[in-house]
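Excluded from the calculations below are hydrogen atoms, water molecules and symmetry mates; all remaining heavy atoms, backbone and side chain alike, are included.
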Amino acid sequence: MSMKEKRENSSGKRGLGWRLAVWGTAVFLLLLPLVAMQFTEEVQWTLLDFVVFGAMLAGACGAYELAARASGNGVYRTAAGVAVMAAFILVWLSLGVGIIGRDGDPANLMVFGVLAVGIVGAVIARLQAHGMAVVMFAMALSQALVAAIALIAGLGRPWSGPAEIMLLNGFFIVLFTGSALLFRKAAQEQTHPNPTR
């Protein structure tokens, strides 16, 4: 067996391990509320809650799979993982408790514009590392714009004020920016590969 075949075989085994970890974590997260419901009255999920959460998990895992197949580069896969995790948490919080206003407040719909930037941008970039870096920076900028609009318009929970809006949106700005920097590093590694690896 040649060195190239050994590397490809090793990479395939590692990829399978990551796939199992990602999908296994999704199943674990989906079962958590079901188990919690057996022990406490605080958690009361309906069938619809499980269906929506399951669809969100499947979408996140599918998005990661798609991105991970686009490159075998570990930095690229990490960048994709951070981006998918950030998008998942953003949707989960928006649907669950609300990022800007209360649950069900139309102001929360602005965050779906951030996701639209990411989805359209990823399609245009064809999941290439350099393009994805630009897309993630655009998502961070879009998230900052959402926060600015919310602050200027006086949106949000009256008891928490602007601090909560800045903190929550800042969290996602940091994640999207971190993902952008990782994608940029992956693009640099693809352009200037290290010959000793």
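For residues 29-38, the set of pairs meeting the salt bridge (Lys or Arg N to Asp or Glu O under 4.0 Å) definition, not counting sequence neighbours, is empty.
Hydrophobic clustering keeps Phe172 apart from Leu181 (ILVMFWY residues linked when any side-chain heavy atoms are closer than 4.5 Å, directly or through intermediates).
Looking at heavy atoms from C-beta onward, Leu31 lies in side-chain contact with Leu34 at the 4.5 angstrom threshold. Looking at heavy atoms from C-beta onward, Trp23 lies out of side-chain contact with Leu57 at the 4.5 angstrom threshold. Residues Tyr64 and Arg77 have side chains in contact (heavy-atom distance under 4.5 Å, counting atoms from C-beta outward).
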Let me see the working for Lys185 and Gln190 under side-chain contact (heavy atoms from CB on, under 4.5 Å), right down to the final yes or no.
CA-CA 9 Å; Lys185 182 176 181 192; Gln190 290 171 352; over 6 Å; no

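Every ring pair (Phe, Tyr, Trp, His ring centres under 6.0 Å) that Tyr76 has, sequence neighbours left out, goes to Phe183.
Separating the CG atom in Leu175 from the CD1 atom in Ile89 is a distance of 6.5 Å, to the nearest 0.5 Å. Separation of atoms CG (Leu30) and CH2 (Trp45) is listed at 7.5 Å; rounding is to 0.5 Å.
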Using atom types as modelled, flag every donor-acceptor pair under 3.5 Å from a side chain in residues 126-152 to any protein atom, sequence neighbours excluded.
| residue | atom | partner | partner atom | Å |
| --- | --- | --- | --- | --- |
| Gln128 | NE2 | Arg126 | O | 3.4 |
| Ser142 | OG | Ala138 | O | 2.8 |
| Gln143 | NE2 | Asn169 | OD1 | 2.6 |

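A donor-acceptor contact closer than 3.5 angstrom links the side chains of Asn73 and Glu189.
Between the side chain of Ser94 and the backbone N or O of Leu90 there is at least one donor-acceptor pair closer than 3.5 Å.
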